[in-house]
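Please read all numbers here as calculations on a predicted model, not as lab measurements.
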Amino acid sequence: MARKFFVGGNWKCNGTTEEVKKIVTTLNEAEVPSEDVVEVVVSPPFVFLPFVKSLLRSDFHVAAQNCWVRKGGAFTGEVSAEMLVNLGIPWVILGHSERRALLNESNEFVGDKVAYALSQGLKVIACIGETLEQRESGSTMAVVAAQTKAIAEKVTNWDNVVLAYEPVWAIGTGKVATPAQAQEVHCELRNWVHDNVGAEVAAKVRIIYGGSVNGANCKELAGQPDVDGFLVGGASLKPEFVDIIKSATVKKN
């Protein structure tokens with residue numbers, strides 16, 4: 001069974017009402033491959049979620065950039081999975097490297113978050129990836145495997161999980177993993193899932209790449225056999241995000 005190409009746009013902590021309206025208008029007017037070719041999800045900041053959802057074309061979906069690790073309550077400043085479900089937000093990004101680094105979210109904490117979000121009916125884009133020091137010391141696979149293991153230990157059904165491999169050294173730096181580097185990690189990651197979770201999950205789970213993806217490099221990256229799409233940062237705020245969505249057609253050729 002072919003894995004449907006997935007393109008996520010992580011807007012991070014950016015946007016005003018006017019800017020958001022402009023981005024959504026660009027997306028709504030874009031001619032892109034149909035839903036059976038590519039799944040498109042955009043992730044605005046919490047405050048814009050209902051606004052974007054109300055304006056966005058029906059074949060694109062929205063994701064939150066985070067949610068709390070368990071049921072809501074006395075957790076000031078947090079947003080619970082239940083609230084996202086209540087608002088009809090289908091997806092959430094969890095374990096992004098910025099949260100792992102800046103807010104000290106551990107592998108275990110991210111694993112718990114993923115499991116709880118899934119239990120409430122959300123679909124999850126679970127992020128993993130190594131730092132430059134880790135890559136240079138040759139521990140990329142050990143790091144990525146440990147991050148994935150913490151998720152795999154808590155998750156029984158992988159149908160609603162997309163794994164996003166984002167080498168931290170490539171995020172927002174303009175440095176991109178070469179298509180060969182991306183394919184190597186994606187392939188090893190799929191092998192890890194095969195050996196530790198199961199053959200069926202390994203064949204089905206989508207592993208997407210994130211880290212300075214743009215209109216110029218997306219086609220070559222999309223051509224790699226184990227790259228099933230992208231999680232796009234800065235470029236998702238620009239018209240070139242449409243070109244990145246269109247790179248899904250590479251898989252059909």
- Task: Count the heavy atoms of every other residue, nucleotide or ligand shown that sit under 6.0 Å from CD of E220, and state whether that count exceeds 12.
- Result: no
- Would you indicate whether the side-chain heavy atoms of V144 and L189 approach each other to under 4.5 Å? yes
Between side-chain atoms of residues 114-122 and protein atoms elsewhere (two or more places apart, or another chain), which donor-acceptor pairs fall under 3.5 Å?
residue: Y116; atom: OH; partner: K71; partner atom: N; Å: 3.3
residue: Y116; atom: OH; partner: E82; partner atom: OE2; Å: 2.3
residue: S119; atom: OG; partner: Y116; partner atom: O; Å: 2.6

- Is it true that atom NZ of K154 has more than 12 heavy atoms of other residues, nucleotides or ligands lying nearer than 6.0 Å? yes
- Item | Intermediate values then yes/no, side chain to side chain donor-acceptor pair (under 3.5 Å), H96 and E166 | CA-CA 8 Å; H96 193 279; E166 297 200 293; 3.2 Å; yes
- Any side-chain heavy-atom pair of L231 and I125 under 4.5 Å: yes
- Excluding sequence neighbours, so at least two apart, what forms side-chain hydrogen bond (donor to acceptor under 3.5 Å, both in side chains) with E39? R206
- Query: Considering only heavy atoms from C-beta outward, does the side chain of I171 approach that of S212 to under 4.5 Å?
  - Reply: no
- Query: Can we say E31 and K246 salt-bridge, meaning some charged N sits less than 4.0 Å from an Asp/Glu carboxylate O?
  - Reply: no
- Message: Counting C-beta onward and ignoring hydrogens, is there a side-chain heavy-atom pair between V42 and V52 closer than 4.5 Å?
- Response: yes
- State, with a plain yes or no, whether a side-chain heavy atom of R99 is found less than 4.5 Å away from one of Q65. no
- Task: Indicate yes or no for a side-chain donor-acceptor contact from Q181 to the backbone of T178 under 3.5 Å, with no hydrogens or angles considered.
- Result: yes
- Is there a donor-acceptor pair under 3.5 Å between the side chain of N217 and the backbone N or O of N214? yes
- Message: Given 3.5 Å as the limit, does a donor-acceptor pair link the side chain of Q147 with the main chain of G129, or not?
- Response: yes
- Query: Does F230 have its ring centroid less than 6.0 Å away from the ring centroid of F6?
  - Reply: no
- Using atom types as modelled and distance alone, determine if a side-chain donor or acceptor of N28 lies under 3.5 Å from a backbone N or O of L55. yes
- Item | Any donor-acceptor N/O pair, S139 side chain to A142 backbone, under 3.5 Å | no
- Check whether the side chains of R100 and N107 place a donor and an acceptor atom closer than 3.5 Å, and report yes or no. yes
- Are the side chain of E19 and the backbone N or O of T16 linked by a donor-acceptor pair below 3.5 Å? yes
- Message: Counting C-beta onward and ignoring hydrogens, is there a side-chain heavy-atom pair between I93 and C127 closer than 4.5 Å?
- Response: yes
- Task: Give a yes-or-no answer on whether the side chains of E130 and Y165 include a donor-acceptor pair shorter than 3.5 Å.
- Result: yes
- Message: Between K149 and E153, does any side-chain N to carboxylate O distance fall below 4.0 Å?
- Response: yes
- Does a side-chain heavy-atom distance below 4.5 Å link V32 with F60? yes
- Query: Is the shortest heavy-atom distance from the side chain of V62 to the side chain of S43 under 4.5 Å?
  - Reply: no
- Query: Less than 6.0 Å separating the ring centroids of F241 and W11?
  - Reply: no
- To which residues is F109 joined in a hydrophobic cluster, defined by side-chain heavy-atom contacts under 4.5 Å among Ile, Leu, Val, Met, Phe, Trp and Tyr, whether direct or through other members? W68, V69, F75
- CD/E78: more than 12 non-hydrogen atoms of other groups inside 6.0 Å: yes
- Task: Among K251, K4, R3, K204, find the residue that satisfies the salt bridge (Lys or Arg N to Asp or Glu O under 4.0 Å) test when tested with D228.
- Result: R3
- Query: Does T140 offer a backbone N or O that forms a donor-acceptor pair with the side chain of Q134 under 3.5 Å?
  - Reply: no
- State whether the side chain of H194 and the backbone N or O of A199 hold a donor-acceptor pair below 3.5 Å, judged by distance alone. no
- Message: How long is the straight-line distance from CG of D112 back to CD of E105, given to the nearest 0.5 Å?
- Response: 11.0 Å
